Amino acid sequence: MAGDKSSRFHPGVYQAADDLRSGKISRREFVRFAAILGVSAPMAYALAGCETKTDSAGNGPATPKRGGNLRMSMRVQEMTDPAKFDWTEKSNISRQVLDYLTITGPDNVTRPFLCESWQASDDLKTWTLNLRKGVKWSNGDDFNADDVVFNFQRWLDPKTGSSNQGLFSSMISSTDTGKKTKKGKPIISKSMTPGAVEKVDAHTVRLNLNRPELAIPENLYNYPTAIVHRRFSDEGGDLSKNPVGTGPFSLKEFSVGQKAVLAKRDPKSYWGAPVYLDNITYIDLGDEATASLSALSSGQVDAIYEAFVEQLDVIRKIPNTRLYETATAQTGVARMQVDKKPFSDVRVREAVRLCQDHKRLLDLAYRGRGEEAEDHHVSQIHPEYAPMETPKQDYGRAKKLLADAGYKNGIDLKIDVKKEPPWELAISQALAEMCKPAGIRIKINVMPNSQYWQIWDKTPFGFTAWTHRPLGVMVLNLAYRSGVPWNETHYNSSEFDKALDMASATLDIAGRRKHMEKLQRILQRDSIMAQPFWRSVFSASHERVKGFQLHPTHYHQLNGVWLA
């Protein structure tokens, strides 16, 4: 293959193949990288010299049974506008009605979906999306390029308020509005760069970026990137009231806080692989951790969205129950807003961070079921992660930093924390105890979940859970790039932004890790968060549920699920 440098694949694929042969990268890394650059998964596995992975869960015979109603315990939240979704649960219901351009499997490999294939230019600034033909919306319309162009325009319109602005920042331009804040700073408007989305023909869309970006296919499967119909806004802009989709199910009943009922569409009108279930019913049993488990044990539901680490021993004792576990880049961060006193002083932030014993926190709050984090929000699971040492607990330096900041007698802080799930409160309590020897006295304000999510991006000091993303650059773009909607720390660093641009634009895997190491060290240095660990996630079902695979982001990909 190294000798055949034809135009069949992106040049980066050939370089990666050379790196694979020389031992610089693993087969898994090569497959993921080749898939991002448009090589089909079977071809990528073949080029890597290994068999195609099937992601078999090993929990059922080869011949599925058709029919039945899968009852799943999960919160049923408002489901108005997918572009503004901020919870995985919202997307799990809409995911059965709407489709995405790409799909990332439980193996963290991204594959084509509504987008049948794609090509990236050598410089990664132009991406051509070849859309699947013959796809019908549930209202009978043909899916086409107009739908995709409409969605990009909505995502990148600041009036929409979508977190996708962070993921697709390479398609956005900044404009000085001529107005200023109360502090005299210019107010900058961010909107889609003219020409960033181009309709080539009825089934081809071209993305023209301002800078190179490797993660476009991965970004297209983030939960707020579900593709809605091109008349979504004209027809009310509320998916729960007008659930037009290209997915395999139709929404038949929907009540926030109670349940959502989905029914399989006519197989002749659905473009995808066979669907075995006739119905899916999501039942909302509230935030109480034991309610879902009780419903599973009593037969009220067939499966639960999430099991908590504190429940594992109980689950193992429930007859005919299967427990699922997968390692993830899910985490929680005790994050500080850098423009609010006392956290505007980096010495205070670093003192808090240095009080952590990451391994002890993992053991205390999560029974050791995960990996220690390093206070920069890039996981060992992420393919571009640069190996680093876990920061050491250092009370001596923490005390000195506080004294230098003017707090020689210590400091009193308050952290806002959700009541559920239990591990978030447990970790906050353990962190508060660890901070005491340095003179950092943390009062924990426990809030109902709904109240916390009203202030999560406003409180100066809060503990926020973040879900898994397949690439490290995705969460960095969503959470820490200057001015993006989900930047809860108010972090604003041109140095960080430039390094993130470089990491996102670098094809060579080893080269990208060098840029990621710089990013990781910048975030550690600036100490905008204390991040104890990465956590494994769990789910459970009755053994009659077959074909279910636990996705690291808790995404429900249920087309292959059936009931014995």
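Because the structure is a prediction, the values reported are computed rather than measured.
For the 3.5 Å distance criterion, the side chains of Y270 and N559 qualify, holding a donor opposite an acceptor. Using a 3.5 Å distance cut-off with no hydrogens or angles, the side chains of D266 and S269 do not pair a donor with an acceptor. Counted by atom type alone, Q165 and W486 present zero donor-acceptor pairs between their side chains at under 3.5 Å. Side-chain contact of S121 with D123: a donor-acceptor pair under 3.5 Å is present, judged by distance alone. Using modelled atom types, one finds no donor on one side chain facing an acceptor on the other under 3.5 Å when comparing S170 with N210. For the residue pair N139/D141, the side-chain donor-acceptor check at 3.5 Å is satisfied. Donor-acceptor pairing under 3.5 Å is lacking for the side chains of T102 and T110. A donor and an acceptor atom, one from each side chain of E488 and T464, are located under 3.5 Å apart. With 3.5 Å as the limit, one finds no donor-acceptor pair spanning the side chains of D284 and Q77. With hydrogens and angles left out, the side-chain atoms of E235 and N242 include a donor and acceptor closer than 3.5 Å. For the residue pair T506 / R513, no side-chain donor-acceptor distance below 3.5 Å is found, with atom types taken as modelled. Side-chain contact check for Q300 and S298: no donor-acceptor pair (N or O, by modelled atom type) lies under 3.5 Å.
Remark: the backbone N or O of V200 is not paired with any side-chain donor or acceptor of E198 at under 3.5 angstrom. Looking only at distances, no side-chain donor or acceptor of D142 sits under 3.5 Å from a matching main-chain atom of K136.
Ionic pairing of D99 and R132 is not present here: no N-O contact between side-chain nitrogen and carboxylate oxygen is shorter than 4.0 angstrom. Under a 4.0 Å N-O distance rule, the pair R154/D81 qualifies as a salt bridge.
Each of T126, V197, T193 was compared with N208 under the side chain to side chain contact (heavy atoms under 4.5 Å, CB included) criterion, and only T126 meets it. D278 pairs with exactly one of K264, R265, R66 by the salt bridge (Lys or Arg N to Asp or Glu O under 4.0 Å) rule, that one being K264.
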Apply the test side chain to side chain contact (heavy atoms under 4.5 Å, CB included) to residues F538 and Q311: give CA-CA distance (whole Å), side-chain angles for both, the deciding distance (0.1 Å), then the verdict. CA-CA 10 Å; F538 311 91; Q311 300 173 318; over 6 Å; no
Could you walk me through whether R481 and D501 pass salt bridge (Lys or Arg N to Asp or Glu O under 4.0 Å), step by step? CA-CA 10 Å; R481 181 179 286 278; D501 290 345; 2.9 Å; yes
Apply side chain to side chain contact (heavy atoms under 4.5 Å, CB included) to residues V537 and L550 and explain how you reach the verdict. CA-CA 9 Å; V537 298; L550 180 57; 4.1 Å; yes
Is there a side chain to side chain donor-acceptor pair (under 3.5 Å) between T328 and R535? Walk through the geometry before answering. CA-CA 6 Å; T328 78; R535 67 188 187 100; 6.0 Å; no
With side chain to side chain contact (heavy atoms under 4.5 Å, CB included) as the test, would you mind laying out the steps for L101 and T225 before giving the verdict? CA-CA 8 Å; L101 291 173; T225 59; over 6 Å; no
Please determine whether salt bridge (Lys or Arg N to Asp or Glu O under 4.0 Å) holds for the pair K133 and E116, giving the CA-CA distance in whole Å, both sets of side-chain angles, and the decisive distance to 0.1 Å. CA-CA 8 Å; K133 298 178 181 179; E116 193 170 38; over 6 Å; no
For a side chain to side chain donor-acceptor pair (under 3.5 Å) check, start with the C-alpha distance between R211 and S169, then their side-chain angles and the critical distance, and finish with the verdict. CA-CA 9 Å; R211 64 173 188 273; S169 59; 2.7 Å; yes
Give the C-alpha distance, both sets of side-chain angles, the deciding distance and a yes or no for side chain to side chain contact (heavy atoms under 4.5 Å, CB included) between F143 and R230. CA-CA 9 Å; F143 164 73; R230 53 191 175 271; over 6 Å; no
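Taking every heavy atom of both residues into account, T160 and A83 meet most closely at CG2-CB, 4.1 Å. Taking all atoms of both residues into account, the shortest heavy-atom contact from E384 to G472 is OE2-N, 3.0 Å. Closest of all the heavy-atom pairs between R469 and H382 is O-NE2, 2.8 Å. Nearest heavy-atom pair across G286 and R75 is O-CG, 4.3 Å. Between L131 and A145, the shortest heavy-atom contact is CD1-CA, 3.6 Å. Summarising the geometry of P470 relative to E218, their closest heavy-atom pair is CG-OE1, 3.5 Å, with the distance given to 0.1 Å.
Under the 4.5 Å side-chain criterion, counting only non-hydrogen atoms from C-beta, S504 is in contact with N477. In this structure, the side chains of V378 and L476 come closer than 4.5 Å at one or more pairs of heavy atoms. Looking at W534 and Q330, their side chains never come closer than 4.5 Å, going by heavy atoms from C-beta outward. M79 places a side-chain heavy atom less than 4.5 Å from the side chain of F254. Using a 4.5 Å heavy-atom cutoff, the side chains of V561 and K546 are not in contact. No side-chain heavy atom of H468 sits under 4.5 Å from any side-chain heavy atom of V475. Looking at Q258 and V76, their side chains never come closer than 4.5 Å, going by heavy atoms from C-beta outward. With a 4.5 Å cut-off on side-chain heavy atoms, L563 and L70 count as touching.
In this structure, Y223 has its ring center no closer than 6.0 Å to that of H554. Taking the ring centroids of W118 and H10, they lie at or beyond the 6.0 Å cut-off. For Y324 and F548, the ring centers are positioned less than 6.0 Å apart. Side-chain rings of W271 and F113 approach one another, their centers coming within less than 6.0 Å. Ring pair Y305/H556: centre-to-centre distance below 6.0 Å.
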